[in-house]
Amino acid sequence: MLTIKNLSVSVEGKLILKGLNLEVKEGEVHAIMGPNGSGKSTLASVISGRNYLTIEQGEVTYMGKNLLEIPPEVRSKEGIFLGFQYPVEIPGVSITNFMRTAINEKRKHLELKPLSGAEFLKLMEEKQKILKIQSKLTNRSVNEGFSGGEKKKNEIFQMALLEPKLAILDETDSGLDIDALKVVANGVNLLRRKDNATVVITHYQRLLDYVIPDFVHVLFDGMIVKSGGKELALELEEKGYNWIKESLKKT
Amino acid sequence: MTELNHNNNSLKHDVFKNILVGLYEKNHDKIIGNSSVIIQKLRQKAFEHFKQNGFPDKKMESWRFTNPEPLFRDDYHIDFESKFRKIDVSKIFTCDVYDLDTYCITLINGWFAYQNSPLSRLKDGTVIGSLYKAMEIYPDIVEKYLGSVAKINEQGLVSLNTAFMQDGLFIYVPDNVKVEKPVQVINIVDSDKPVFIQPRNLIITGKNSNLTLVHCDHSLTHNISFTNTVSEVVLHENAFIDHYKVQNKGRNSALLTSLFFLQEKNSILANNVITLNGGFTRNQVDLSLTDENCTADLNGLYLMDRNQHVDNQVFVDHAASNSRSNQLYKGILDDQASGVFYGKVLVGRNSQNTKAFQNNKNILLTDETKINTQPFLEIYADDVKCSHGATVGQLDTDALFYMRSRGICERTAKQMLMYAFAGEVVKKISIEPLRDNITKLVEKRLKGELSICDQCILNCSSREPRFIQNILD
């Protein structure tokens, strides 16, 4: 589904990703872990299409297409979803209007009939129920005045509505209390299907107690330096990132 | 400053002034028409003031950023004799506000146009009609109020209007009357020649009365026009007025409006000034709170592009204690458009416990747009709660990316953000059909559709917008 080959990316002249390789297949859940500043969020930004980055070399292929040539909104319509580390507040734009516009633009792209207001509200209710999100979202402005937990839950809610093929969750777990974390993890698990994939970017092993990854990668200094199964996350939790640093020095 | 296809060799202040002075003297008898001795005196006094002081210029604080000179030309046509006339207005214009049931009044080139009668008296005693006719039938009322609210001897344009005024809208609401339907006045400019028109409106609301007034300005042709409107509005004790001024004019239209409000004890005013299009627009709102416990909400929205220029001037005089005023003016400027916001609140020495707020927010979409904003407070009382603020910024790029990452294309995302920005003002419109319609107009305006066919909107209300999704929930 997603193939990243030898990807190097700089931000304001500073090289952040240094020849990164990653392959994500349908049905898989990948966890990318790593210390602060290792390039995790930059990787999420590349996949979602932020424009402040410079691609120095390498390629990113999504569903057989060169992803780097596709504008962000088209990436979304083709099934890519980014759960933001810091979801943006948009005063004056209601969640209903925001998501209905998003869904209908996607449906237009897929040559489907747009959802009517009533159909959309029904869909919203359904998804809220599945995700066990109780707060009243319909009339609120996007993320405005939301608590940290509400913002992250809202990200998962948007993901549920858009039903992406490939979801990248950028530190969606950071700053969450245990209940919010469960809602987020529950959402990810519910939306897991054979034909979609999830990449969870995280600092901590905590989320991985609830979302069981097929693969764990350690991103360090712009490269994936170690990959393994879910047990790698536990090892990291126990030994810390210094363990990776030390083992790198040795080789 | 403004493109306004008015000639490049515009006249100097004095030359244009002298042309008008000459026209006044030459047409004196026609201008006087049926006006009484008292009105004649008022007119003459204003004329002398204009003759002496002429047009405003850049040296004046409130005209620093708006140059009226491009409007000065020698080929304006002024219609001194057209008088109000009987005409089937629906043949030339249909209002776009579908569900709005109103008493609809039309002024064509400043002259009252009517279907049944130039002056109607409703069952509840309310009088609505032509000011020209009112001077004849209700001279006592007209003489009492005309010129009593407007600053006719302070501002050149107001003096000029007072000297030349012949017709316009007249409304008189007796005490304790709630006017059932909104009154809608539509000012239409329709001419194949450059025209200079000066409508004069007088609105009086009695004690405990209630009036909704919607004031629309339109142009039917792309021809050059200069409209200098003066309105005087009186709110007697405990009166309530919901006032809207909506404007969608051609790019060659210059529209200068001076709205003077006088509020008595416990009266409430809601005033909304919405500028959608127009080559040169100046909206002056001048409000006197003369007694205690008055409330005034002054809202403004301006959406300008190309070389359009808009100037909003708001002056609030808190002359008594315990009153509240709130100004919220928001604008979006695109292309090379320019704007001015000049808001002043004066709180007199004895106006204790005044609450006065001013807020002007702007979004500039390009580097070539320009806004001069100056909200300020002049306070002499010591127990007041006042604030003022202004912001100038761009669309939030993080929000734009966030929306794009959800599949919303950049164009739509920008429109949604702009609409959200403008929505804060639009939401304050309390008449639902009007709010819906303004919403649609604002959406169309932000999609660039209204500027493509400035006039079209008037006659093709059935036209489906290109983009069907409704921006507002």
_Atom pair CD/OG1 of B:Q415 and A:T101 - distance to nearest 0.5 Å_ = 10.5 Å

*Any idea which of A:V88, A:V93, A:V142 has the most non-hydrogen atom pairs under 4.5 angstrom with chain B?*
A:V88

_Looking only at heavy atoms and a cut-off of under 4.5 Å, which of A:P114, A:G92, A:P72 has the most pairs with chain B?_
A:P72

_Nearest-0.5 Å distance that lies between atom OG in A:S76 and atom CE in B:M403_ = 12.5 Å

*State yes or no: are the ring centers of A:Y86 and B:Y402 separated by less than 6.0 Å?*
no

_For B:F401, does the six-membered ring have the charged nitrogen or CZ of A:R50 within the cation-pi criterion, i.e. under 6.0 angstrom from the centroid and within 45° of the normal?_
yes

*Within the side chain of A:E105, is there an N or O that forms a donor-acceptor pair under 3.5 Å with the backbone of B:C409?*
yes

*Measuring heavy-atom distances to chain B, does A:N143 have an atom under 4.5 Å in its side chain, in its backbone, in both, or in neither?*
side chain

*Could you check which of A:Q158, A:E78, A:K77, A:K106 has the highest count of heavy-atom pairs closer than 4.5 Å to chain B?*
A:Q158

*asked:* To the nearest 0.5 Å, what is the distance between CZ on A:F84 and OG on B:S405?
replied: 3.5 Å

*Can you establish whether the number of heavy atoms outside A:N51 located under 6.0 Å from its atom CG is more than 12?*
no

*Spacing of CD1 belonging to B:I408 relative to CE belonging to A:M99, to within rounding of 0.5 Å*: 7.5 Å

*Got a donor-acceptor contact below 3.5 angstrom from the B:R406 side chain to the A:L82 backbone?*
yes

*More than 12 foreign heavy atoms under 6.0 Å from CG of B:D367: is that the case here?*
no

